[in-house]
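These notes are about the structure you will find just below.
Residue numbers start from 1 in every chain, and the chains themselves are labelled A, B, ... in the order their sequence lines are given, proteins ahead of strands.
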Amino acid sequence: MKNKTKIPNFFLGIILAVVYLPILVIVVYSFQDSKISTVWEGFSLRWYRELFLDRSMREAVFNSFILAGISCINAAVIGTMAAVGMTRISWRSKGLIAYFSTLPIMIPEIILGMVFMVFFSFLGLPFGMTTLVLAHTAFCIPYVFTMVRSRLIGLDPSLTEAARDLGAGEVMVFFTVTLPLIAPAVASGMLLSFAMSFDDVVISIFVTGAATNTLPVKIYTQMKNGVSPEVNALSTIMLGGTVLVLLGSELIRRRDKK
Amino acid sequence: MKKEKRKGLAWLLVIPFYFYTIVFVVLPLAYMILLSFLKRAEVWGVTKEITWENYRNIFEPVYLRTFAESLKLALLCTFFIALLGYPFGYFMAKLSKQWKRRVMMLLMIPFWTSALIRMYGWIIIFRSNGLLDQFFMAVHITEKPLRLLYTYPAVVVGMIYALLPFMILSVYSSAEKLDWSLVEAARDLGASPFYTFITVTLKLTMPGFLSGVVLTFIPSMGLFFVADILGGNKIVLVGNLIQEQLMKARNWPFAAALSVVLMLLTSLMLAIYRKAAGVKELEGLF
């Protein structure tokens, strides 16, 4: 059944336009020359240049990449192993642990942030990159785990059985049959967790130390002081990054389908 | 023998997962619950004394008002989100396959970009003499700038903006699975479009709609940064209160108690949802 009138399409269009409005505004304003005015005063890359010259900004970018990179690799290893292992064990605790593992993306972010903050200080861990990685890994694992698990459920078990019947060992079967089959799910889970970790501000605010800034944390602190053109430029770069990651994951999905 | 070997290997595979989940999810949550029952020390940290004091404090009028304010805002936002998100998801499900994919992609891009950055765009729009003011003055809706930034409406718009995709995706995933022949059957049997919508379409998309309500209602109580950025310091939500108690007042046990209550409210919502929709998983998530 198709939409009969133009009204639904009009409605969809309007909402999508409003959804993109703030994003568009940021991108356009990041190329504007003047510092405060709302009126357009000419194209300029001035704010990008200033951004690249800012040392603390470069550090924040570096930290964010390291953090998201390590967290998503951790999540990929732990989450994939678990999803594969879970299909073969029959422990009673299985369902409960799987449920607990998804809590980090189910409960409000602010609670997760505070939980980590009080727990890490209870353990006496120094706040900084270590605590950031520990916290981010916790909320990245569920993305990889759930994606790989749903991929495994859809797999034809006769494939691995055939390999085993032909004499391949357990480890061999995993690396030559199972892993290539679940690789797309692992990859998109990793990309998703990378994007989530790279974007996270709420949890990072709670678990980072005074000396370690990530990009979103830096943006947040600057934003509270009002509008600044550097933040426009920075946000535009981050938007570009996210779009690239998304397109990447879409490409993986398409190739997977073929 | 083979069987035993298989099990031995699987055991090794899940150990890191078990370890991580127990040490970095279960234990921290348990610690937070314990903390909420501890007495705050005079200067720093907590004592070993068990007390209900933190929970009693929540019932002080100031804090009760914060909870009421948060609930009110969450209800208001959820209402508007439903009003906009339900038709969007419903209409989207009726698009051609190709357009479905396109609209989905268009929705996902902002969804995965930082909510913080998108809020920032609203600052530029809302600030006094900003884009919106300029536009309104240009078309003579108002003569003076409205100065919407740091007001209640700004926070409501920000919340709606941040959470709308959850409602859309939930409704869409329900409406997509809808068997349209049922709708046609009802129409053929003489039901009016409105009556058909209420008795067939709405009923069948109810699980998606309800999961959208849960997915928007719960976060809207904890999204402290929206209230922070678009509301200045004027609007204090439970999320802001927790952050304030944690970072500024340094009253960790009280912050823990607030979080426990917020989590209980959240679980209550989920339980009601499960009962009402008769399903276990939230529609639209994974």
Side-chain angles (χ1 to χ4, degrees), chain A residues 1-3 8 11-12 15-16 19-23 25-26 29 38 78-79 81-82 84-86 88-89 97 100-101 103-104 107-111 114-119 122 134 137-138 141 145-146 150 170 195 199 201-202 206 216 219-220 223-224 227 231 235 238-239 242-243 246 250, chain B residues 5-6 9-11 13-14 16-18 20-21 24-26 28-29 31-32 35 84 87-88 91-92 94 103 106 108-110 112-114 116-118 120-125 127 129-131 134 180 183-184 218-219 222 224-225 228-229 239 242-243 246 252 255-256 259 262-263 266 286:
Chain A
M1 207 156 107
K2 291 269 129 49
N3 293 325
F11 179 79
L12 294 181
I15 298 274
L16 280 177
V19 164
Y20 277 86
L21 181 69
I23 297 174
V25 165
I26 294 171
Y29 274 73
T38 318
I78 299 175
M81 277 168 61
V84 173
M86 284 292 208
R88 302 190 189 168
I89 56 166
I97 288 289
F100 277 131
S101 78
L103 278 182
I107 61 180
E109 276 180 312
I110 181 160
I111 295 185
M114 91 143 270
V115 162
F116 282 132
M117 179 181 169
V118 294
F119 186 66
F122 168 71
L134 287 174
T137 302
I141 290 176
F145 177 69
T146 41
S150 57
E170 191 72 33
D199 262 357
V201 59
V202 177
F206 286 107
I219 295 178
Y220 181 69
M223 223 179 259
K224 287 186 83 173
V227 187
V231 178
S235 304
M238 279 188 70
L239 284 172
T242 315
V243 172
L246 258 180
E250 182 67 18
Chain B
K5 198 180 156 203
R6 282 180 68 131
L9 212 94
W11 177 79
L13 286 173
V14 296
F17 183 70
Y18 265 67
Y20 211 93
T21 304
F24 292 108
V25 181
V26 179
L29 281 170
Y31 179 67
M32 179 190 73
L35 191 65
L84 295 170
F88 193 106
F91 291 146
M92 191 177 152
K94 285 182 162 192
V103 173
L106 282 173
M108 288 318 267
I109 292 173
W112 294 128
T113 56
S114 158
L116 191 65
I117 289 179
R118 287 179 288 141
Y120 180 67
W122 285 109
I123 297 184
I124 303 180
I125 295 168
R127 71 183 156 157
N129 271 319
L131 280 178
Q134 301 251 338
W180 293 104
V183 180
E184 269 161 44
I218 293 171
F224 74 93
F225 63 88
D228 224 20
I229 291 171
I242 293 175
Q243 197 217 8
L246 210 55
W252 289 12
S259 300
L262 187 59
M263 265 182 81
T266 309
F286 303 113

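- Of the atoms belonging to B/P28, heavy atoms from both backbone and side chain fall under 4.5 Å from chain A.
- Of the inter-residue distances, the one linking B/F24 atom CZ with A/F116 atom CZ reads 8.0 Å to the nearest 0.5 angstrom.
- In terms of heavy-atom pairs under 4.5 Å with chain B, the best-connected choice from A/L103, A/I26, A/V84 is A/I26.
- Ranked by heavy-atom pairs under 4.5 Å with chain B, the first of A/P104, A/G85, A/G79 is A/G85.
- Every residue two or more places apart in sequence or in another chain that forms a side chain to side chain donor-acceptor pair (under 3.5 Å) with A/Y220 is listed here: B/D228.
- Applying the ring pair (Phe, Tyr, Trp, His ring centres under 6.0 Å) rule to A/F100 yields no partners; only residues at least two apart in sequence or on another chain are considered.
- Annotation for A/I111 and B/M32: closest pair CG2-SD, 4.1 Å, computed over non-hydrogen atoms.
- Here A/D199 is the residue among A/L239, A/D199, A/I78, A/V25 with the most heavy-atom pairs under 4.5 Å with chain B.
- Looking at A/S150, neither its backbone nor its side chain comes within 4.5 Å of chain B, counting heavy atoms on both sides.
- Residue A/I110 holds its CD1 atom at 6.0 Å from CD of B/Q243, rounded to the nearest 0.5 Å.
- In this structure, chain A has a heavy atom under 4.5 Å from the side chain of B/T21, while its backbone stays farther away.
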Next on the checklist: For A/M114 and B/W252: C-alpha separation, side-chain torsions, deciding distance, then whether side chain to side chain contact (heavy atoms under 4.5 Å, CB included) applies.
Outcome noted: CA-CA 9 Å; A/M114 91 143 270; B/W252 289 12; 5.9 Å; no
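- Contact annotation for A/V243: only side-chain heavy atoms (C-beta onward) come within less than 4.5 Å of a heavy atom of chain B.
- For A/P22, the parts lying near chain B are the backbone and the side chain together; criterion is any non-hydrogen pair under 4.5 Å.
- Note that CE of A/M238 and OH of B/Y120 are 13.5 Å apart. Values are rounded to the nearest 0.5 Å.
- For chain A, the option among B/I229, B/T266, B/L106, B/V103 with the highest count of heavy-atom pairs below 4.5 Å is B/L106.
- At a 4.5 Å heavy-atom cutoff, the contact between A/I107 and chain B is made by side-chain atoms alone.
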Checklist entry - For A/I15 and B/L84, what are the C-alpha separation, side-chain angles and deciding distance, and is it a side chain to side chain contact (heavy atoms under 4.5 Å, CB included)? => result CA-CA 8 Å; A/I15 298 274; B/L84 295 170; 3.9 Å; yes
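- Atom CG in A/L21 sits 4.0 Å away from atom CD1 in B/I125 (nearest 0.5 Å).
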Next on the checklist: Between B/Y20 and A/I141, is the side chain to side chain contact (heavy atoms under 4.5 Å, CB included) condition met? List the steps.
Outcome noted: CA-CA 9 Å; B/Y20 211 93; A/I141 290 176; 3.8 Å; yes
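- Environment of OH in B/Y31: crowded, with over 12 heavy atoms of neighbouring residues, nucleotides or ligands closer than 6.0 Å.
- Side-chain contact check for A/P8 versus B/K94: every heavy-atom pair is 4.5 Å or farther apart.
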Item to check | From CA spacing to verdict: side chain to side chain contact (heavy atoms under 4.5 Å, CB included), B/I109, A/I23 | outcome: CA-CA 11 Å; B/I109 292 173; A/I23 297 174; 5.9 Å; no
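- Most heavy-atom pairs under 4.5 Å with chain A: of the set B/P110, B/A256, B/P87, B/A255, this distinction falls to B/P110.
- Ranking B/L29, B/L116, B/L262, B/V26 against chain A, the residue ahead of the rest is B/L116, based on heavy-atom pairs under 4.5 Å.
- Using a 4.5 Å cut-off on side-chain heavy atoms (C-beta onward), A/L16 and B/F88 make contact.
- Of the residues considered (B/L35, B/L246, B/I117), B/I117 shows the highest number of contacts with chain A, using heavy-atom pairs under 4.5 Å.
- Within the 4.5 angstrom heavy-atom criterion, atoms from both the backbone and the side chain of A/V19 approach chain B.
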